**Q** 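I have a structure I would like to understand better, so I am pasting it below and will then ask my questions one at a time.
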Amino acid sequence: MTGRDILHKMKVKAGFGSSASETGKGKSKLVKHITHGYHLVKGKSHHDMEDYVVSNFKQVNNNELGLFAIFDGHLGHDVASYLQNHLFDNILKEPDFWTDTESAIRRAYHTTDDEILEKAFVLGKGGSTAVTAILINGQKLVVANVGDSRAVICKNGVAKQLSVDHEPSKEKNMIESRGGFVSNLPGDVPRVDGQLAVARAFGDKSLKIHLSSEPDITEERIGDDAEFVILASDGVWKVMSNQDAMDSIKDIKDAQLAAKRVIEEAVSRKSKDDISCIVVRFQ
């Protein structure tokens with residue numbers, strides 16, 4: 001077995017997905033019926049895979065945290081890879097994580113973005129969107145995001161979106177107030193300064209003066225009505241509605257197979273993007 005194979009197995013076991021590890025699964029030790037699985041597929045583009053995921057459970061003192069994230073890079077994969085390795089560490093370092101989780105996540109998002117901008121000479125000029133979900137002791141889910149990767153929860157068969165799609169057309173006033181502009185040219189979608197098709201992201205140093213890294217944050221109690229959560233990059237949501245994604249896996253009990261099924265459905269609907277998906281099942 002080569003060193004690369006060993007590293008691949010270690011990353012899969014730890015719940016890290018990238019171009020080197022496409023799939024994985026695991027379960028809670030605290031709440032036995034909570035399981036998770038992830039799957040990634042490279043799109044039709046000619047560049048390397050730019051999606052990264054985190055999907056694992058972590059024991060912190062007497063608490064259990066489910067850590068789930070999709071990082072969708074652009075103009076290179078280094079920023080997304082950095083987020084995979086550092087964002088959750090920065091969140092958990094915040095001293096008030098347990099008492100004011102939302103404020104801790106907000107500060108950690110900004111701290112991590114500052115680190116990325118400071119390392120731009122190493123990480124390059126690219127950036128990444130992010131959607132993160134922290135499951136605290138199987139009872140509370142805290143979702144944060146910048147960009148257009150999305151988190152959706154299924155409760156009693158009905159899809160509820162927990163994240164916010166940060167589209168340039170929706171945040172035109174904010175972008176213009178920072179001195180930027182939103183244009184559909186070149187291309188056929190609104191872009192910040194005619195370049196980036198999301199209004200918020202990590203990195204992107206050349207656009208940062210016009211681009212926000214402020215996350216939207218939602219807290220959701222996990223009760224008996226919660227069935228599962230899907231986190232996925234925009235390669236899914238470009239071709240599927242929230243309810244479409246939910247309905248495609250409602251009868252699949254294996255979370256890993258469910259994540260794979262969402263991607264297969266998106267590909268069958270002609271999605272050409274890199275696609276990554278995490279499914280966390282509560283029942």
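FYI, the numbering just counts along the sequence from 1. This is a predicted model, so every value here is computed, not measured.
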**Q** Just jot down the salt bridge (charged side-chain N to carboxylate O under 4.0 Å, His left out) partners of D234, sequence neighbours excluded, or say none.
**A**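 Residues passing salt bridge (charged side-chain N to carboxylate O under 4.0 Å, His left out) with D234: K238.
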**Q** Does E227 pair with K250 as a salt bridge, N-O distance under 4.0 Å?
**A**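 So E227 does not pair with K250 through a salt bridge.
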**Q** When the aromatic ring centroids of F88 and F68 are compared, is their separation below 6.0 Å?
**A**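 No, they do not, as the ring centres are separated by 6.0 Å or more.
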**Q** Using modelled atom types and a 3.5 Å cut-off, is there a donor and acceptor pairing between side-chain atoms of S103 and backbone atoms of D100?
**A**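 It does not hold such a pair.
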**Q** Between I249 and D251, is there a side-chain heavy-atom distance shorter than 4.5 Å?
**A**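 No, side chains not in contact.
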**Q** For L92 and L65: C-alpha separation, side-chain torsions, deciding distance, then whether side chain to side chain contact (heavy atoms under 4.5 Å, CB included) applies.
**A** CA-CA 10 Å; L92 298 181; L65 298 177; 3.5 Å; yes
**Q** Could you please spell out the steps behind the salt bridge (charged side-chain N to carboxylate O under 4.0 Å, His left out) verdict for K25 and D254?
**A** CA-CA 9 Å; K25 65 193 303 183; D254 185 293; 2.8 Å; yes
**Q** Listed by chain and number, what are the side chain to side chain contact (heavy atoms under 4.5 Å, CB included) partners of H39, not counting sequence neighbours?
**A**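 So H39 forms a side chain to side chain contact (heavy atoms under 4.5 Å, CB included) with T23, V41, A259, K260, I263.
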**Q** Could you measure the distance from the CG atom of D204 to the CD1 atom of I209? Nearest 0.5 Å is fine.
**A**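 The CG atom of D204 sits 14.0 Å away from the CD1 atom of I209.
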**Q** Spell out, as yes or no, whether a donor-acceptor pair under 3.5 Å connects the side chain of W237 to the backbone of D148.
**A**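 No.
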**Q** Find the distance between OG1 (T218) and CD (E220) and round it off to the nearest 0.5 Å.
**A**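 Result: 8.0 Å between the selected atoms.
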**Q** Ignoring hydrogens and angles, write down the donor-acceptor pairs under 3.5 Å from the side chains of residues 131-144, residues two or more places apart or on other chains.
**A**
from : atom 1 : to   : atom 2 : distance (Å)
T132 : OG1    : Y109 : OH     : 2.9
N137 : OD1    : E64  : N      : 2.8
N137 : ND2    : N63  : OD1    : 2.9

**Q** Under a 4.5 Å side-chain heavy-atom rule over Ile, Leu, Val, Met, Phe, Trp and Tyr, are V164 and I217 clustered together?
**A**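 No, V164 and I217 fall in different hydrophobic clusters.
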**Q** Just checking K125: does its NZ atom have more than 12 heavy atoms from other residues, nucleotides or ligands closer to it than 6.0 angstrom?
**A**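 Check fails, neighbour count at 12 or below.
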**Q** Going by side chain to side chain contact (heavy atoms under 4.5 Å, CB included), name the residues that satisfy it together with S271, two or more places apart in sequence or in a different chain.
**A**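 Side chain to side chain contact (heavy atoms under 4.5 Å, CB included) check on S271 returns V239, A266, D273, I275.
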**Q** Whether the side chain of E171 engages the backbone of A199 through a donor-acceptor N/O pair (distance < 3.5 Å, no angle test) should be reported.
**A**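 Not confirmed, E171 side chain does not pair with A199 backbone.
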**Q** Using salt bridge (charged side-chain N to carboxylate O under 4.0 Å, His left out) as the criterion, list what pairs up with D216, not counting sequence neighbours.
**A**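 Listed in chain order: R200.
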**Q** Taking S276's backbone N and O only, do any of them form a donor-acceptor pair with S233's side chain (distance below 3.5 Å, no angle check)?
**A**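 Flag set: sc S233 to bb S276 pair under 3.5 Å.
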**Q** Between K42 and E50, does any NZ, NE, NH1 or NH2 come within less than 4.0 Å of an OD or OE carboxylate oxygen?
**A**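 Looking at E50 and K42, the cut-off is not met.
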**Q** For M246 and D244, run side chain to side chain contact (heavy atoms under 4.5 Å, CB included): C-alpha distance rounded to whole Å, both residues' side-chain angles, the deciding distance at 0.1 Å, then the answer.
**A** CA-CA 5 Å; M246 293 291 160; D244 285 343; over 6 Å; no
**Q** Could you list the residues that satisfy ring pair (Phe, Tyr, Trp, His ring centres under 6.0 Å) with H86, not counting sequence neighbours?
**A**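 Per chain and number, H86 pairs via ring pair (Phe, Tyr, Trp, His ring centres under 6.0 Å) with Y82.
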**Q** Do any N or O atoms from the side chain of Q243 and from the backbone of G157 form a donor-acceptor pair under 3.5 angstrom?
**A**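 Yes, because the side chain of Q243 sits within donor-acceptor range (under 3.5 Å) of the backbone of G157.
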**Q** Supply the atom-to-atom distance S213 OG to I116 CD1, rounded to the nearest 0.5 angstrom.
**A**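 If I round to the nearest 0.5 Å, the distance is 9.0 Å.
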**Q** Decide yes or no for N90 and K93: does some side-chain heavy atom of the first lie under 4.5 Å from some side-chain heavy atom of the second?
**A**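 Sidechains of K93 and N90: in contact.
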**Q** Distance check, rounded to the nearest 0.5 Å: R281 atom CZ versus I230 atom CD1?
**A**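 Here the interatomic distance stands at 9.5 Å.
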**Q** Taking the hydrophobic residues Ile, Leu, Val, Met, Phe, Trp and Tyr, and joining any pair whose side-chain heavy atoms are under 4.5 Å apart, which ones share a cluster with L211?
**A**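 Answer for L211: M174, I175, V182, V192, L196, V198, L207.
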**Q** Hey, mind stepping through L231 and V229 against side chain to side chain contact (heavy atoms under 4.5 Å, CB included) and telling me if it holds?
**A** CA-CA 7 Å; L231 279 71; V229 165; 3.3 Å; yes
**Q** State which residues pass ring pair (Phe, Tyr, Trp, His ring centres under 6.0 Å) with F71; sequence neighbours excluded, sorted by chain then number.
**A**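 Ring pair (Phe, Tyr, Trp, His ring centres under 6.0 Å) list for F71, sorted by chain: empty.
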**Q** Start with the C-alpha distance between S183 and R191, add both sets of side-chain angles, then the distance that settles side chain to side chain contact (heavy atoms under 4.5 Å, CB included), and finish with yes or no.
**A** CA-CA 5 Å; S183 171; R191 296 177 184 271; over 6 Å; no
**Q** Output every pair passing ring pair (Phe, Tyr, Trp, His ring centres under 6.0 Å) with a member in residues 157-191, not counting sequence neighbours, ordered by first then second residue.
**A**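 Counting only pairs at least two positions apart or across chains, no ring pair (Phe, Tyr, Trp, His ring centres under 6.0 Å) contact touches residues 157-191.
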**Q** Do S163 side-chain atoms and A151 backbone N/O form a donor-acceptor pair below 3.5 Å?
**A**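 Answer holds: yes.
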**Q** Between atom OH of Y52 and atom NE2 of H77, what is the distance when rounded to the nearest 0.5 Å?
**A**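 With rounding to 0.5 Å, OH (Y52) is 4.5 Å from NE2 (H77).
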**Q** Which residues satisfy the side chain to side chain contact (heavy atoms under 4.5 Å, CB included) test with E265, sequence neighbours excluded?
**A**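 Listed in chain order: M240, R261, S268, R269.
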**Q** For residues 205-214, which residue pairs qualify under salt bridge (Lys or Arg N to Asp or Glu O under 4.0 Å), counting only residues two or more places apart or in two chains?
**A**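 Of all non-adjacent pairs touching residues 205-214, those that pass salt bridge (Lys or Arg N to Asp or Glu O under 4.0 Å) are R106-E214, D113-K208.
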**Q** Roughly how far, to the nearest 0.5 Å, is the CG atom of L83 from the CD1 atom of I70?
**A**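 Rounded to the nearest 0.5 Å, the CD1-CG separation comes to 12.5 Å.
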**Q** Does R150 offer a backbone N or O that forms a donor-acceptor pair with the side chain of N145 under 3.5 Å?
**A**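 No, N145 side chain to R150 backbone: no donor-acceptor pair under 3.5 Å.
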**Q** V152 versus K160: any side-chain heavy-atom pair under 4.5 Å?
**A**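 Side chain of V152 against side chain of K160, heavy atoms only: no contact under 4.5 Å found.
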**Q** Between V54 and I91, is there shared hydrophobic-cluster membership here, with clusters defined by ILVMFWY side-chain heavy atoms closer than 4.5 Å?
**A**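 Cluster IDs for V54 and I91 match.
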**Q** Are F228 and V236 in one and the same hydrophobic cluster, where Ile, Leu, Val, Met, Phe, Trp and Tyr link if side-chain heavy atoms are under 4.5 Å apart?
**A**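 Yes: a chain of side-chain contacts under 4.5 Å links F228 to V236.
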**Q** Under the salt bridge (charged side-chain N to carboxylate O under 4.0 Å, His left out) test, which residues partner D247, sequence neighbours left out?
**A**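 Listed in chain order: nothing, the list is empty.
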**Q** Is it the case that more than 12 heavy atoms not belonging to D89 sit under 6.0 Å from its CG atom?
**A**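 Atom CG in D89 is crowded, with more than 12 foreign heavy atoms closer than 6.0 Å.
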